[in-house]
Structures are given as structure tokens and as C-alpha cells.
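First up is the structure itself, then whatever we jot down about it.
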Amino acid sequence: MNIQDLLDNAKDTLGLQPQETNAGVYIPSKSSLKLAAPNKTNYDHTEYDTPYTGNKKILMVCTEQQYMTMENGKKFETGNHPVEMMVPLLHFKKAGFNVDVFTPNGESVKVEQWAMPEDDDDVKQIYAEYQSKLEKPKSIADFVKNDMADSDDYAAIFIPGGHGAMIGLPEDKSLGELLRWSHDNDLFILAICHGPAALLSANLSGVDTASKENESERDFIFKGYKMVAFPTVMDKQMPKIGYLPGTMPWYFGDKLEELGVTIDNKLASGQTHQDRKLISGDGPLAANDFGKLSANQLLKVLN
């Protein structure tokens, strides 16, 4: 038996090996799930004194992609993280906001089911309430093409995390159009954990693109902004504890920083941040405070 076999056996004994669910497809190791996916969230049941009663809604952007292929060819079964999605939705509901669910092409929302907090009745209830919307979401492409220019329906764009937010969304030109339109119309943009990866789409050429010269001259709309997000340094450590089955193909934090964004955290410890109308959170531990901050800021502006 060679050294690698010994290491693999030791990791297996300690529960640090990614769990293979299908051929070449993996979810996090048992040990990493105990650390990173507790059975109950920190949702605090905040009541809002003056819930919103107007017509503005929140547009939630979700991924329709399920698998991230690592550098070694192994696939990570991902999607949107249920805590980062559902805990903010609990706050939005208490604050009086309706939420529309969108994916790039209207395909079903993919969710990291292995991260579902099984002992959290609040999360399970709101998940059940949104089940039909998650299975049959609206299409970003259709909205951008047919309705966006004249729409006055939304007060915020919400992008939950999960590694699935790094797949498809950063390369989606329609999402880029949506984000630039949202920025131009002074909507809130709410992004948590890996959700900020989707902000990279705002740097793409538009669907009905202008000349390449004009596109190259346009500044990234979040240039000069400060935010928190899931840190690259932690993503690089995830394979060591079996959360990921290999090294990730790219790191969204590096790309955002290249475009002039400052990511202000080194750990995912539950931090939130607001810079103008951009509200961010660093991971699942931030979901409660992120949802509460977002709800309160929306109420402050709209009530």
C-alpha cells in the first residue's frame, strides 16, 4: 500500500472523503457536513413593526445548474444553498415582501439538498411554500427581452449562494442586462456567499450589444464597491476536508477583485455588509443577519 492509499484510508476512517452518490458525482464528506451544514439554522423570528403593504416585489435569481466539474474531472453536486435562500425568504415574508423566482431559462431551481437543515421547521415550511415556484420558475431571458424595460414591479434582486451560483450565472448575458438595469434604476442588489459570482455577468456584452469599443469603455457597475463573500482562501481549503471532491476550476473572488471590487473578509464567520444599494453576506452563518439587514433597508426606503 502506497502513501496515497494510506492517506485515503485515514481520510475515509475520519469521514473526510467526499461521498460518491453516482458515478463520478460527489457530495461533501460526513465530517464536513457536520461542520458546515447543521440541522438547525440561526433564524431568529424577528418581527417587523410596519411590514410592507405596497406592490414592489423581490426578484430572486437562482441557478438551474446542478454540477460543478472540478479540475480532476470529478463532479460536485451543488445548486443553491437552502439556508442562504430560505432564511432570507423567511425575513422577507415577515417584512411583507412577495418574491418571484427566476432562473436563466426558466428551468427548475437546483438546491443543495444535502445542506437542508432537517430539524428546522421554519426552513422546511418556507421551502414547502416555495416548492412550486422552484420547480417552475420564471425565465430571466424572457423577462429581459419582453418586460424589463417597462417593469416597475421590483425593489430588489436577491442572489442566494451555493457553489451552483458560479455555474451559468456569471456567463449569462441576460442576467448581466438585468443587473445593469437594476443598478441604473436604483434597485437593491442582495447577494450572499457564492451568490456574488453572478455579479460578474454585469461585465458581459449585452444581449443587444453595442460596439465592442463601447463595451470595453464601460466600467464594471460594482467597481469601487466593498462587500463580503465566501472567501477564496476557504474554498481552496475545502478539498482537504472533503467538502469538495477536488480543486475548483476558478474562484469568483479573484475575478471580482480584478474588476475593482474589495472583498472585505478573510473568513466566513457570519459577516454582512452594505455599500450603497449592494447588501452582501459571507455564508450560511450570515443568512439570518443578511435577511434581516436586507428587509430593514427595503422597509426603510419603501415605507
Report yes or no: do [X] and [Y] belong to one cluster of Ile/Leu/Val/Met/Phe/Trp/Tyr joined by side chain heavy-atom distances under 4.5 Å?
X	Y	result
Met60	Ile157	no
Met166	Phe102	yes
Val83	Ile159	no
Ile263	Val233	yes
Phe230	Val228	no

Taking C-beta and beyond as the side chain, do [X] and [Y] meet within less than 4.5 Å on heavy atoms?
X	Y	value
Met68	Lys75	no
Pro117	Lys40	no
Met248	Leu244	yes
Gln274	Phe188	yes
Pro196	Leu256	yes
Met234	Leu267	yes
Val123	Leu90	yes
Leu178	Met148	yes

>> As a quick check of understanding, evaluate side-chain contact (heavy atoms from CB on, under 4.5 Å) for Gln66 and Ile167, giving each step before the final call.
In response: CA-CA 8 Å; Gln66 187 81 68; Ile167 316 168; over 6 Å; no
Could you tell me if [Y] and [X] have a donor-acceptor pair between their side chains, going purely by distance under 3.5 Å?
X	Y	answer
Asp100	Tyr154	yes
Asp282	His273	no
Lys110	Thr63	no
Lys34	Ser32	no
Thr41	Asp120	yes
Gln237	Lys240	yes
Asp44	Thr46	yes

Taking the six-membered ring for Trp and the single ring otherwise, decide whether the centroids of [X] and [Y] are under 6.0 Å apart.
X	Y	result
Phe76	Tyr67	no
Phe92	Phe158	yes
His91	Phe290	no
Phe97	Tyr52	yes

[X] side chain to [Y] main-chain N or O, any donor-acceptor pair under 3.5 Å?
X	Y	value
Asp275	Lys226	yes
Trp114	Glu77	yes
Asn296	Lys292	yes
Glu257	Asp254	no
Gln19	Pro28	yes
Ser139	Ala141	yes
Thr69	Gly73	no
Asn185	Leu187	no
Lys124	Glu118	yes
Gln271	Asn265	no

Return the [atom1] to [atom2] distance between [X] and [Y], rounded to the nearest 0.5 Å.
X	Y	atom1	atom2	answer
Leu293	Ile279	CG	CD1	4.5 Å
Met227	Ile192	CE	CD1	10.5 Å
Leu175	Leu204	CG	CG	8.5 Å
Thr272	Asn288	OG1	CG	10.0 Å
Glu84	His194	CD	NE2	8.5 Å
Met85	Ile126	CE	CD1	11.5 Å

> After noting the C-alpha distance and the side-chain angles of Leu179 and Ser201, does the key distance pass the side-chain contact (heavy atoms from CB on, under 4.5 Å) rule?
Replying inline: CA-CA 8 Å; Leu179 290 171; Ser201 65; 3.4 Å; yes
If you take all heavy atoms of [X] and [Y], which pair is closest and at what distance?
X	Y	result
Pro51	Leu299	C-CD2, 4.2 Å
Tyr130	Val99	OH-CB, 3.3 Å
Pro88	Ala287	CG-O, 3.9 Å

> Within 45° of the ring axis of Tyr48 and under 6.0 Å from its six-membered ring centre, is that where the NZ or CZ of Lys94 lies?
Replying inline: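 That pair does not qualify as a cation-pi contact.
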>> Would Lys236 pass as a cation-pi partner of Tyr251, given that its NZ or CZ must be under 6.0 Å from the six-membered ring centre and within 45 degrees of the axis?
In response: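 The answer is yes, since Lys236 meets both limits relative to Tyr251.
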>> Please evaluate residues Asn80 and Glu112 with respect to the criterion side chain to side chain donor-acceptor pair (under 3.5 Å), reporting the C-alpha separation (whole Å), side-chain torsions for both, the decisive distance (0.1 Å), and the verdict.
In response: CA-CA 6 Å; Asn80 285 123; Glu112 294 175 333; over 6 Å; no
>> What verdict does the side-chain contact (heavy atoms from CB on, under 4.5 Å) test give for Leu59 and Phe143, after you've listed the backbone C-alpha separation in whole Å, the side-chain angles of each residue and the deciding distance to 0.1 Å?
In response: CA-CA 11 Å; Leu59 190 161; Phe143 176 74; 4.3 Å; yes
>> For His45 and Tyr43, take the angle between the two ring planes, folded into 0 to 90°, and tell me which bin it lands in: parallel under 30, tilted 30 to 60, perpendicular over 60.
In response: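 It falls in the tilted class, 30° to 60°.
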>> Go through it in stages, so that I can follow the logic: the residues are Arg180 and Glu177, the test is side-chain contact (heavy atoms from CB on, under 4.5 Å), and I'd like the CA-CA distance, side-chain angles, deciding distance and then a yes or no.
In response: CA-CA 5 Å; Arg180 290 193 294 272; Glu177 294 273 15; 3.7 Å; yes
>> Test salt bridge (Lys or Arg N to Asp or Glu O under 4.0 Å) on Asp152 and Lys56; report intermediate values, then the result.
In response: CA-CA 8 Å; Asp152 192 34; Lys56 297 278 189 181; 2.6 Å; yes
